[in-house]
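So the structure is just underneath, and the comments pick up after that.
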Amino acid sequence: MMRGGPVFLDRYFMNLNKMKNETFTKPTLRDWQEKAEESLKGGSIDRLSTVTYEGIKLKPLYSREDLPSPIQNPLPGSSDFRRGYTSSGYLEEPWNVSQRLSSTSAKEMKKQLLEELNKGQSAISFNPDLYKLSEVAAIVEGLEEYPFCLMTENSSLDLYKTIGQQNSKGFIGKDPLASLMNNSKGYDNDWLEAIVHAKKSSPKLKTILIHTTIYHELGANAIQELAIAIASAVSHIERLLSEDFSIEEIVDKVVFHFSIGAQFFTEISKLRAAKILWSKVLEAYGLNEKLMNMTISAQTSPFTKTLYDPYVNLLRAGNEAFAAILGGINYLHVSPFDEPSEASSFTANRIARNTQLILREEAHLNKVIDPAGGSYYIESITNQIAERAWDLFLAIEDQGGMEVAIETGWIQEQITQVQKKRLADIYTRKQSIVGTNKYANLDESPLQNAVTLGNRLSIPYEKLRYQVEMMKASSVDIQVGLLCLGDLKKHKPRMDFVTGFLAPGGIRSHFIPIMHTENLKEQIENNPLSHYVICGANDQYDDDLLTAVKLVMTEKQSIFKLYLAGHPTVEEQKCWKEAGITEFLHMKSDCYHILSTIVEDWEGEVK
């Protein structure tokens with residue numbers, strides 16, 4: 001108990017009240033900018049900004065000023081539904097763990113499915129096109145309590161007739177526009193008849209699929225994916241409205257399937273923006289807000305996975321799954337880390353499933369309602385993606401709709417522009433693929449039964465390493481000599497850089513010390529290779545070295561190539577090229593094409 005006289009108590013409570021009323025000075029955006037520029041030593045904070053493949057400028061700091069004022073409908077369950085369709089989020093309706101299982105036989109698939117359902121899987125998901133219809137029926141027999149999560153390229157009508165029941169739930173679908181994009185048949189009678197049949201035989205089953213994975217794997221950005229998804233949905237709606245379906249009946253059957261890529265915050269924003277766009281479309285059709293629910297199925301992206309350093313795929317898949325859940329999905333498949341191989345292992349499948357369970361049971365993402373809501377950063381990106389995707393959707397409609405846009409090649413052209421940027425960035429290593437174009441481990445082997453087909457972003461480098469492995473098997477000496485000038489402290493930075501630069505091609509570095517410039521020719525003769533890189537500090541790249549390079553190159557054949565580590569001025573580069581230097585290796589170099597040229601030279605030697 002506090003004791004003291006009246007004067008002390010008066011002073012105590014007066015100071016206490018003063019402390020309660022004290023506040024910190026509220027910093028402004030300009031205050032932060034000034035502090036940031038101090039740490040950048042006077043440099044502009046624009047240096048900290050980046051531009052995404054969507055053309056959105058990501059700023060180093062976001063504030064309330066980046067959002068409309070006041071924020072419209074900020075609570076979960078209210079339109080524009082970016083925060084979800086209920087006020088309780090996953091507490092009311094958890095997402096379904098929908099691992100897409102694979103097995104060599106129907107019998108094994110049934111066994112695997114039962115095991116997975118006992119260990120946390122909550123939906124039936126596999127590729128039905130790999131089995132006969134009778135086998136599909138046997139696989140799902142007795143599992144009526146679980147929702148379906150099935151996508152097909154074959155006859156969806158046959159599938160509904162085989163396994164559809166009155167109490168079937170979840171979704172079974174085929175997207176004719178995705179099939180058309182894949183050079184297959186588009187809309188046909190089977191698609192329409194299947195939806196009509198399922199409407200009567202399986203009234204709870206969703207049957208109208210918008211499948212965007214093919215566009216994602218071709219390199220589409222988030223804006224393109226959403227615009228294509230909405231345009232595809234409108235195309236499906238218009239077809240079915242002409243067949244005497246009501247808008248309410250159609251919307252109740254729609255499910256969207258997205259791939260979730262590597263850009264964490266962009267992918268969260270993509271899914272939130274999808275709900276904004278969907279509500280805007282349905283508003284145009286005059287649908288009641290209570291019926292505007294958007295069912296989203298998602299998978300972690302195959303596009304981002306690699307054959308080399310495959311355990312990094314665990315981190316990629318975990319990051320993508322996290323983004324999907326924060327974005328508000330209903331079904332989720334997490335890809336096994338060995339997905340690029342022909343068949344995933346038991347261990348890889350188990351880890352993939354448990355990734356979802358950890359996010360649910362240990363990270364408690366099912367207990368938090370839209371944790372991304374209200375973030376200045378995420379809300380700002382969400383708004384920009386939604387606005388730009390809507391503009392692109394209108395452009396697709398101006399082309400005549402999705403079907404026409406695909407048939408004329410307009411959609412493919414739009415995606416190709418983005419894909420070229422992605423490839424240019426991995427070639428120059430502006431965009432890192434850890435374990436592939438950066439931090440490559442030359443002592444590891446790729447996944448067994450590796451598949452170098454498809455559209456994974458890492459495939460160009462993987463093919464390059466495969467070529468090198470084949471040449472190793474033919475006893476070709478696939479080493480590049482590093483001519484390291486002077487003391488260690490002088491040449492080590494560029495020696496390390498070049499070692500890392502060569503590794504993505506599976507090429508080893510051979511260290512050759514050059515203590516004196518006049519020894520360059522002698523050391524090259526003592527270490528006979530076809531390709532060398534000079535590594536040193538800028539002050540070592542002097543006239544004496546230039547003379548030594550000229551001397552070396554005058555006696556060498558065309559198969560001999562000499563590179564220089566560094567980025568000289570344009571005038572200096574001209575002098576070095578005249579002396580015989582082939583190319584310069586630096587941070588902005590096109591790593592992939594330089595390595596490809598070296599490998600082509602070696603292949604020429606073999607022939």
Side chains of [X] and [Y]: closer than 4.5 Å at any heavy-atom pair?
X    : Y    : answer
F171 : F148 : no
P504 : R429 : yes
Q224 : Y215 : no
I208 : I195 : yes
F393 : I228 : no
I478 : I507 : no
L271 : I329 : yes
T266 : I385 : yes

Please determine whether the number of non-hydrogen atoms from other residues, nucleotides or ligands lying under 6.0 Å from atom CG of N288 exceeds 12.
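Count over threshold, so yes.
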
What do you reckon, is CD of E144 surrounded by more than 12 foreign heavy atoms closer than 6.0 Å?
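Atom CD in E144 is packed in, count exceeds 12.
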
So, [X] versus [Y]: side-chain donor-acceptor pair below 3.5 Å or not?
X    : Y    : result
S156 : K174 : no
W602 : Q467 : no
T295 : Y331 : no
E116 : Q99  : no
S259 : S301 : no
N313 : R316 : yes
D80  : S279 : no
S344 : D338 : yes
E462 : S458 : yes

Can a salt bridge be assigned to the pair [X] and [Y] using a cut-off of 4.0 Å between side-chain N and carboxylate O?
X    : Y    : answer
K472 : E469 : yes
D190 : K185 : no
R508 : D443 : yes

Please verify the inter-ring angle class for F322 with F264; under 30° counts as parallel, over 60° as perpendicular, anything in between as tilted.
tilted

Classify the angle between the aromatic ring planes of F337 and Y311 as parallel (below 30°), tilted (30 to 60°) or perpendicular (above 60°).
tilted

Test salt bridge (charged side-chain N to carboxylate O under 4.0 Å, His left out) applied to E249 and K206, K199, K200, the passing residue
K199

State the [atom1]-[atom2] distance between [X] and [Y], to the nearest 0.5 angstrom.
X    : Y    : atom1 : atom2 : answer
L282 : N293 : CG    : CG    : 10.0 Å
I396 : W410 : CD1   : CH2   : 5.5 Å
T162 : L133 : OG1   : CG    : 4.0 Å
I210 : M402 : CD1   : CE    : 10.5 Å
K270 : E225 : NZ    : CD    : 3.5 Å
E141 : I163 : CD    : CD1   : 12.0 Å

Could you pull out the closest heavy-atom pair between [X] and [Y], with the gap in Å?
X    : Y    : result
S335 : A317 : O-CB, 3.8 Å
L177 : I406 : O-CD1, 3.6 Å
F126 : I124 : CE2-CG2, 3.7 Å
P128 : V136 : O-CG2, 3.7 Å
N127 : R100 : N-CG, 4.4 Å

Does [Y] offer a backbone N or O that forms a donor-acceptor pair with the side chain of [X] under 3.5 Å?
X    : Y    : value
Q112 : M109 : no
Y85  : L291 : no
D188 : W191 : yes
N330 : I296 : yes
S184 : L180 : no

Trace of the ring pair (Phe, Tyr, Trp, His ring centres under 6.0 Å) decision for W278 with F256
CA-CA 10 Å; W278 187 230; F256 291 82; 5.0 Å; yes

Please assess R360 against L365 for the test side chain to side chain contact (heavy atoms under 4.5 Å, CB included), listing each intermediate value before the final yes or no.
CA-CA 5 Å; R360 188 182 72 192; L365 294 187; over 6 Å; no

Identified side chain to side chain donor-acceptor pair (under 3.5 Å) counterpart of Q299 within the set H257, E320, H333:
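It is H257, the one option of H257, E320, H333 that forms the side chain to side chain donor-acceptor pair (under 3.5 Å) with Q299.
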
Can Y160 and S168 be said to form a side-chain hydrogen bond (donor to acceptor under 3.5 Å, both in side chains), step by step?
CA-CA 10 Å; Y160 294 143; S168 294; over 6 Å; no

Give a yes/no verdict on a cation-pi contact between R422 and Y53, requiring under 6.0 Å between NZ or CZ and the six-membered ring centre and an angle within 45° of the axis.
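Satisfied, under 6.0 Å and within 45°.
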
